[in-house]
Amino acid sequence: MPLFSVPKEVAVGTAMLGVAFATGLLAGKRYPSLLFGTSKPHKSIIGKSSPLWQYILDHSLREHPILKKLRLLTAEYPWGKMMVSCDQAQLMANLIKLIKAKKVIEVGVLTGYNALSMALALPDNGRVIACDINEDYAKIGKPLWKEGITTHFVAHLDELLAGGEAETFDFAFIDADKESYNEYYEKCLRLIKKGGIIAIDNVLRCGMVLKPRKDDLATQSIHHLNEKLVRDARVNISMIPMGDGVTLVFKL
């Protein structure tokens with residue numbers, strides 16, 4: 001696949017985005033009809049119809065025109081609610097700039113809004129490797145990627161580890177099938193450097209983590225991971241009530 005370039009007048013820098021699509025296989029498990037993202041409509045801690053939510057956006061969001069176009073395009077679809085919130089994506093991009101990240105992993109792509117946001121925050125020699133098992137949604141975003149990004153690299157977390165890339169990444173973002181969050185977390189923890197950051201999305205599950213139903217394996221998995229993280233001596237964490245909840249994990 002060809003490399004891409006982002007003109008200096010279009011983006012902060014130039015980076016490379018690779019997207020891995022598997023036919024139902026990632027992290028060693030099969031999900032025959034899996035849709036990456038949250039299995040329920042995404043909800044923010046502050047409702048998106050709230051005047052306070054609009055105030056936050058009006059006074060904090062600096063959204064690149066390409067990202068705005070992709071966000072509005074994604075919102076046209078019923079499953080568009082699964083997209084990471086724009087203020088949250090901006091926080092991820094700012095963290096990437098703060099730690100001067102050059103290599104980033106995203107697990108769960110959807111139409112690529114967050115992956116594109118992170119790529120635009122990277123320096124000229126940076127790259128994002130984004131993994132998903134469903135290419136249908138990414139195809140919707142690809143025409144807009146071409147304004148700033150095209151794919152060039154294919155990899156899975158297992159392939160990255162097997163290829164000797166452990167402890168070479170600076171940042172990871174996890175927003176895939178919830179039942180496999182622990183697996184993704186453990187593999188991303190091996191892939192990022194000491195001092196690197198893992199961001200884990202949907203850790204509040206619209207409040208359902210307070211009392212997960214017995215038949216809700218996704219929320220149970222999130223709850224178990226939340227309990228694990230608060231005791232994990234390998235990392236420091238901060239759980240932030242942004243979007244549907246995001247935990248920032250700092251590798252020690």
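- Of all heavy-atom pairs between Val246 and Ala199, the closest is CG2-CB, 4.2 Å.
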Worksheet entry | Working for side-chain contact (heavy atoms from CB on, under 4.5 Å), residues Phe173 and Gln88 | CA-CA 11 Å; Phe173 186 83; Gln88 186 176 324; 3.8 Å; yes
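- Here the CG-CD1 distance, from Leu157 to Ile105, works out to 6.0 Å after rounding to the nearest 0.5 Å.
- Between Tyr137 and Trp79, the closest side-chain pair of non-hydrogen atoms falls below 4.5 Å.
- At least one donor-acceptor pair under 3.5 Å links the side chain of Asp244 to the backbone N or O of Cys206.
- Of the inter-residue distances, the one linking His223 atom NE2 with Asp216 atom CG reads 12.0 Å to the nearest 0.5 angstrom.
- Distance alone, capped at 3.5 Å, is enough to place a donor-acceptor pair between the Lys178 side chain and the Ala176 backbone.
- Counting only distance, with no hydrogens or angles, the side chain of Asp132 and the backbone of Val109 share a donor-acceptor pair below 3.5 Å.
- In this structure, Leu72 is not a member of the same hydrophobic cluster as Met83, with clusters built from ILVMFWY side-chain heavy atoms closer than 4.5 Å.
- Here the side chains of Asp201 and Tyr181 are in contact, with some heavy-atom distance below 4.5 Å.
- Checked by atom type and distance alone, the side chain of Glu106 never pairs as donor or acceptor with a backbone atom of Met118 at under 3.5 Å.
- For the atom pair CE of Met239 and CE of Met242, the computed distance is 14.5 Å after rounding to the nearest 0.5 Å.
- Inter-residue side-chain proximity for Tyr185 and Leu229 is flagged as met; some heavy-atom pair is nearer than 4.5 Å.
- The pair Lys187-Asp158 meets the salt-bridge criterion, since a charged nitrogen lies less than 4.0 angstrom from a carboxylate oxygen.
- A salt bridge links Asp170 with Lys193: at least one charged nitrogen is closer than 4.0 Å to a carboxylate oxygen.
- Within 6.0 Å of atom NZ in Lys228, more than 12 heavy atoms from other residues, nucleotides or ligands are found, so the atom counts as buried in its surroundings.
- The OG atom of Ser117 sits 11.5 Å away from the CD1 atom of Ile66 when rounded to the nearest 0.5 Å.
- Here CG of Asp175 is found 11.0 Å from CD1 of Ile200. Values are rounded to the nearest 0.5 Å.
- Sparse packing is recorded around CZ of Arg62, with 12 or fewer heavy atoms of other residues, nucleotides or ligands lying under 6.0 Å away.
- Note that NZ of Lys251 and NZ of Lys194 are 7.5 Å apart. Values are rounded to the nearest 0.5 Å.
- Remark: side-chain polar atoms of Lys102 are not paired, donor with acceptor, to backbone N or O of Asn125 under 3.5 angstrom.
- The main-chain N or O of Ser60 is never found under 3.5 Å from a side-chain atom of Asp87 such that the two would form a donor-acceptor pair.
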Worksheet item: Stepwise, does the side-chain contact (heavy atoms from CB on, under 4.5 Å) test hold for Val249 with Asp232?
Response: CA-CA 10 Å; Val249 179; Asp232 194 339; over 6 Å; no
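- Using a 4.5 Å heavy-atom cutoff, the side chains of Leu120 and Leu116 are in contact.
- Looking at heavy atoms from C-beta onward, Met92 lies in side-chain contact with Leu248 at the 4.5 angstrom threshold.
- When all heavy atoms of Ala166 and Leu161 are compared, the pair lying nearest together is CB-CD2, 4.2 Å.
- A donor-acceptor pair under 3.5 Å links the side-chain atoms of Ser221 to the main chain of Leu217, judged by distance alone.
- Residues Leu144 and Lys69 approach most closely at CD1-C, 3.6 Å, considering heavy atoms.
- At a threshold of 4.5 Å between non-hydrogen side-chain atoms, the residues Cys86 and Leu67 do not count as touching.
- The minimum heavy-atom distance linking Pro143 with Ile140 is given by the pair CD-O, 3.4 Å.
- Of the candidates Leu191, Leu189, Val235, Leu189 is the only one forming a side-chain contact (heavy atoms from CB on, under 4.5 Å) with Ile198.
- Note on Tyr77: it clusters hydrophobically with Met82, by side-chain heavy-atom contacts below 4.5 Å among ILVMFWY residues.
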Item to complete: Determine, stepwise, if the pair Leu91 / Leu95 fulfils side-chain contact (heavy atoms from CB on, under 4.5 Å).
Response: CA-CA 6 Å; Leu91 175 61; Leu95 288 172; 4.2 Å; yes
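- Side-chain contact between Trp53 and Ser85 is present, with at least one heavy-atom pair separated by less than 4.5 Å.
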Item to complete: Start with the C-alpha distance between Gln220 and His224, add both sets of side-chain angles, then the distance that settles side-chain hydrogen bond (donor to acceptor under 3.5 Å, both in side chains), and finish with yes or no.
Response: CA-CA 6 Å; Gln220 287 186 34; His224 292 325; 4.5 Å; no
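- The side-chain heavy atoms of Leu252 and Asn236, taken from C-beta on, include a pair separated by under 4.5 Å.
- The two atoms that bring Leu160 and Phe169 nearest to each other are CD1-CZ, 4.0 Å, heavy atoms only.
- The minimum heavy-atom distance linking Ile192 with Ala172 is given by the pair CG2-CB, 4.2 Å.
- Under a 3.5 Å cut-off, the side chain of Arg231 and the backbone N or O of Glu227 do form a donor-acceptor pair.
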